[in-house]
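Numbering of residues begins at 1 and proceeds along the displayed sequence.
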Amino acid sequence: MGMGMSRRMLENNILSLSLLLLMLILILILLFFFFLLFFLFKPWRFFFTYPSSILKGELERPLVGDHHLHEDDDVIELHRDYDLEGACYPNEPHFHGLVHKQRLPPLSLHVNHFPQQQQQPPLAVPDTIVLDVLSEHDDLVGHTLKVLQHGDGQSTPTFHNHTTFHHFPQTDISHQRSCLTLEVISGPSCGLHCSIQSTNPSRLPLTLGRVSPTDLLIKDSEVSGKHALIKWNLDKMKWELVDMGSLNGTLLNSQPINHPDTGSRNWGDPIILANGDVITLGTTSKVMVHITSENHHCIPFGVGMASDPMAMRRGGKKLPMEDVCYYQWPLPGLDQFGIFGICDGHGGDGAAKSASKLFPEIVASILSDPLKRERVLSLCDASDILRDAFSQTEACMNHYYEGCTATVLLVWADGHQNFFAQCANVGDSACIMSVNGKQIKLTEDHKITDYSERARIEERGDPLKEGETRLYGINLGRMLGDKFLKQQDSRFSSEPYISQVLHIHQTNRAFALLASDGLWDVIGIKKAIQLVLQMRERYCTEREDSAEKIASFLLSEAKTLRTKDNTSLIFLDFDTLNRFSCKVEP
């Protein structure tokens, strides 16, 4: 009997433990679903305000509390047309692009007057163009990550608000011309460009910061919303850099230029900029300064450039920028000739950058021979020049594990307002033209899947296998660089395709479009021409910068269509005469 009671007690205990275990499991399951729903619906957002929830009206105000504004401050109306997403219109091109977006209306701000000063003579370096798009998920809008250094070398991040705008009176500077280009060379926004002319006072001063509206939008948590600005000093005929009371300071060639009292958030003194200077914002974002010479030439047609690294998905991290676009008009010592080109790198941007620097120099060197130059002008054919330029460029490039496409458009004038254009290319960066309504493709794609390229490879006696679309992982049969691959397989080539010569009369309403494959992946030739014609009609009364706006529009269209590759383009409008553009000195 005692054993029976012990068994029943044991069974009861086991049952109790089972029930407790079951209840515990149920409680854990309920807790799991509770926390899942809690994080899914984020109820805390109803009780706390985060920087990303700033209202549009708040973004239009300077990021500074009312206690920073004084009763004796002037109230002015800012007449600058800021880009809604931080893109700035480049007037002069060399390496990269811009995006045209809806602009914010003018806003009234309390500002402190700041004494105007100016900058140093611009030096000779190719122009560059702008762009960046504000991320849809900027978790740090309105706050700057302050890095505090302790004695033990450790850094502690803290957040602070920004400072206010200062007012610079605008002066008529239409008789002076200088081009400033900023290129972000390190940091989270590496690859961005922004360009501006001293002759465009409506866009001055040029601002650098992390919060839109900003001309050069740098997505770096250590950069203040309005970090620094660059203005044109008409008295000194120089560009000047001013720190706008940034939290983490501004360095020019490793020397601080912000106000000595860093805690005061006062503006620093204006410092003259020179070509080749490096501006450091915070600790990681560095910006290279390019200033073109004031000894300029007028480009007798419109030029617009735009580029964007793009992202694999909307709001995602931008891809590494391997495109390089450039132009030079006129070539040194050759007032009748100019060159426009795009290089799309793979394996890095080194080969693309090398090619973009070599082509203008080599083409100018070849054309400096009077006999060769006269032959081009008399026969209206530059095939030998372009073929020689590609051969010499390939020979000069020492890139074994990097390569690039290369599309080069050579344009020359006959002295009677007529132009001639001829293109050469390797790879899949295409150039198209429209002359008198006729669509003309001036390039040939050299992808392994293209019939002409497969035929060329087959002629070499080693045809591709059925269904083979790549050689050694690359979908191109022709490129510059990639010396290692060319040593391994002789089917790779750098021999360019050379187009026919096009005669362009000023009454032709002609235009040309060069672009990397990021554009052509989502926009066909016919569609691109239709878009250009539509934008021409829209901007027919705004001839001053219509080419830049058209280039910007095409880039934004590619982004809307979700291209997943670097996209760069150059637009030449031969229907727009007597357009000013900065000369690029050698």
Side-chain angles (χ1 to χ4, degrees), residues 60 62-64 73-74 76-83 86-92 98 103-104 106-120 122 128 130 132 162-174 176-184 192-218 223-246 250 252 257-259 265-274 277 279 281 287 289-292 545:
E60 294 178 353
L63 298 175
V64 61
D73 292 341
D74 296 333
I76 64 163
E77 189 78 6
L78 291 186
H79 296 289
R80 293 205 44 187
D81 294 327
Y82 282 102
D83 191 313
C88 100
Y89 285 120
N91 291 338
E92 299 310 322
L98 67 132
R103 298 194 171 237
L104 293 175
L107 48 145
S108 298
L109 301 175
H110 289 282
V111 298
N112 297 326
H113 286 284
F114 193 86
Q116 225 180 0
Q117 301 178 14
Q118 321 274 308
Q119 295 139 352
Q120 123 183 35
T128 315
V130 199
D132 184 26
H162 298 303
T163 186
T164 185
F165 292 115
H166 288 232
H167 174 53
F168 295 91
Q170 295 180 355
T171 309
D172 180 13
I173 57 174
S174 58
Q176 305 295 343
R177 291 172 177 173
S178 175
C179 293
L180 170 76
T181 296
L182 303 179
E183 176 188 3
V184 182
L192 300 183
H193 292 73
C194 184
S195 179
I196 195 168
Q197 291 181 136
S198 63
T199 53
N200 193 353
S202 65
R203 291 182 52 209
L204 292 171
L206 182 145
T207 55
L208 297 77
R210 196 192 68 252
V211 176
S212 180
T214 300
D215 295 305
L216 188 63
L217 192 65
I218 301 176
V223 174
S224 297
K226 301 299 175 187
H227 194 104
L229 63 79
I230 297 175
K231 62 190 182 75
W232 173 250
N233 188 316
L234 184 57
D235 296 332
K236 297 180 180 179
M237 298 301 299
K238 311 288 184 184
W239 294 100
E240 289 180 339
L241 173 67
V242 180
D243 178 85
M244 300 171 68
S246 63
T250 304
L252 180 62
I257 66 163
N258 43 289
H259 193 276
R265 307 304 297 276
N266 292 328
W267 287 29
D269 294 328
I271 304 297
I272 291 175
L273 287 175
D277 282 348
I279 303 169
L281 309 178
V287 181
V289 176
H290 302 289
I291 301 176
T292 60
D545 59 354

TODO: Report the C-alpha separation of L273 and L252 in whole Å, then their side-chain angles, then the decisive distance to 0.1 Å, and conclude whether the side chain to side chain contact (heavy atoms under 4.5 Å, CB included) test is met.
DONE: CA-CA 9 Å; L273 287 175; L252 180 62; 3.7 Å; yes
Task: Verdict with reasoning, S246 to L281, per side chain to side chain contact (heavy atoms under 4.5 Å, CB included) - done: CA-CA 9 Å; S246 63; L281 309 178; over 6 Å; no
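Within the model, atoms CD of E183 and CD1 of I279 stand 12.0 Å from one another, a figure rounded to the nearest 0.5 Å. The line from CG of L229 to CG of L241 is 7.5 Å long, rounded to the nearest 0.5 Å.
Considering all non-hydrogen atoms of both residues, L216 and C194 come closest at CD1-CB, 3.6 Å. Considering all non-hydrogen atoms of both residues, S212 and L217 come closest at N-CD1, 3.7 Å. The minimum heavy-atom distance linking W267 with H259 is given by the pair O-CD2, 3.5 Å. Annotation for I218 and R210: closest pair O-CG, 3.1 Å, computed over non-hydrogen atoms. Between T250 and A228 the shortest heavy-atom distance is OG1-CB, 4.3 Å.
Between the side chain of D215 and the backbone N or O of T207, at least one donor-acceptor pair lies under 3.5 Å.
Under the 4.5 Å side-chain criterion, counting only non-hydrogen atoms from C-beta, H227 is in contact with D243. The shortest distance between side-chain heavy atoms of R265 and S224 falls below 4.5 Å. Residues I196 and I230 form no side-chain contact, since every pair of their non-hydrogen atoms from C-beta on lies 4.5 Å or further apart.
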